[in-house]
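Quick caveat, the model's predicted, so the values are computed rather than measured. Letters A, B, ... mirror the listed sequences (proteins, then strands); counts begin at 1.
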2 protein chains.
Amino acid sequence: MSESSTLRPTRQRRAITEALAGASDFQSAQDIHDSLRQAGEKVGLATVYRTLQAMADAGEVDVLQGSGGESAYRRCSTHHHHHLVCRSCGRTVEVTGPAVESWAEAVARDHDFAEVSHSLELFGICADCRQQ
Amino acid sequence: MSESSTLRPTRQRRAITEALAGASDFQSAQDIHDSLRQAGEKVGLATVYRTLQAMADAGEVDVLQGSGGESAYRRCSTHHHHHLVCRSCGRTVEVTGPAVESWAEAVARDHDFAEVSHSLELFGICADCRQQ
DNA sequence: TTTGTTGCAAATGCTTTGCAGTTAA
DNA sequence: TTAACTGCAAAGCATTTGCAACAAA
């Protein structure tokens, strides 16, 4: 938990950042660890976890909760948005939903809740996967 | 994974169902196990997990993915809806969002995705928790 | 030098499973 | 009797943490 102290740009940190930049879809910490391995970069698994967590705290990456207790990370634009994920191939599309945002706020107001945030993910089968 | 075979109404099964019925909010498998313990019902933790999973498969309960790799269960009305959960006390309110449903369908259509489902949860601080 | 970082291995914590005994049908 | 169900304890997994060696500032 290194608060907002000093973050050092180390080799490992850079490698992980690049691995995320190169991937188009969500990847688990272990996926990233494997990628780095194959790319010849030696980075400890614990370091991958720690770094990913730090990046998530800093809002540099998005976190998606898998159903098996594992988290998937993805480098993301900073503005608020959601994802449409293909259940079959994992392809991900970034989507925004103004309608949802305002709806969420209205609901929160109705029930007198403050500091409302929301998590929303859409799942389906993409056109490509349907064809075969 | 006992498909659509025969489901037997046992003492344990009943106890778990009642524990869920008595609770108003989401509870983890372990929470339920504890409740049963205190209520004098002796049910194995593994059984609680197996039963909860079976009920989830049957659509009798809702499953919420916690951030720490743990699942929370709740007896739920069968119609489609979402939840507004208090981050502080855990109080849960069931909400529906016609706007969200139609938005989700529209997005899916735009990107040519089929069989679209979505998971949506709202989190905030309820009025009671804010007062203290 | 000082302090954040890293790697490894050990330790967590939640959930699943193997197996033998138990129970509903 | 038979096929599910149960409990216990032993895995299984993803993730976290302690600690000594390291590296950036």
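Ranked by how close their nearest DNA chain C nucleotide is to the 5' end, A:Val48 and B:Leu45 are led by A:Val48.
The closest donor-acceptor contact from the side chain of A:His33 to the backbone of A:Val43 lies under 3.5 Å.
Nearest to the side-chain atoms of B:Tyr49 among the listed nucleotides C:dT16, D:dT6, C:dT5 stands C:dT16. The side chain of A:Thr47 has C:dG7 as its nearest neighbour among C:dG7, C:dC14, D:dT15.
Atom C1' of nucleotide D:dT15 and atom CD of B:Glu70 are separated by 14 Å, given to the nearest angstrom. Nucleotide D:dT16 holds its P atom 15 Å from the NE2 atom of A:His33, rounded to whole Å. With rounding to whole Å, B:Gln27 atom CD is found 13 Å from C:dT15 atom P. Rounded to whole Å, the distance from CG on A:Asp57 to C1' on D:dT16 is 14 Å. Taking atom CD of residue B:Gln65 and atom P of nucleotide D:dA14, one finds them 15 Å apart after rounding to whole Å. Taking atom CD of B:Gln12 as the reference point, atom P of D:dC5 lies 11 Å away to the nearest angstrom. Rounded to whole Å, atom C1' of D:dA23 lies 12 Å from atom CZ of A:Arg14.
Residue contacts for B:Ser28: at a heavy-atom cut-off of 4.0 Å it reaches no nucleic acid atom on any strand shown.
The side chain to side chain contact (heavy atoms under 4.5 Å, CB included) test applied to B:Ala23 returns B:Gln27, not counting sequence neighbours. Under the side chain to side chain contact (heavy atoms under 4.5 Å, CB included) criterion, B:Thr17 pairs with B:Met55, not counting sequence neighbours. By the side chain to side chain contact (heavy atoms under 4.5 Å, CB included) test, B:His111 is found to be paired with A:Leu84, A:Val93, A:Val95, B:Val107, B:Phe113, residues two or more places apart in sequence or in another chain being considered.
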Inset, instruction - Using a 4.0 Å cut-off on protein heavy atoms (strictly under), produce a 5'-to-3' string for nucleotides 18-25 of chain C with B for base contact, S for backbone-only sugar-phosphate contact, and - for none. - result: B----BBS
Which pairs would a plain distance check flag for residues 116-129 of chain A, meaning a side-chain donor or acceptor within less than 3.5 Å of a matching protein atom at least two apart in sequence or in another chain?
unit_1, atom_1, unit_2, atom_2, d
A:Ser117, OG, B:Arg87, NH1, 3.1
A:His118, NE2, A:His80, NE2, 3.1
A:His118, NE2, A:His82, NE2, 3.4
A:His118, NE2, A:Glu101, OE1, 3.2

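Within a 6.0 Å radius of CZ in B:Arg37, other residues, nucleotides and ligands contribute 12 heavy atoms or fewer.
An angle of 30°, rounded to 10°, separates the two end axes of the helix from C:dT1-D:dA25 to C:dA25-D:dT1, each defined over five pairs.
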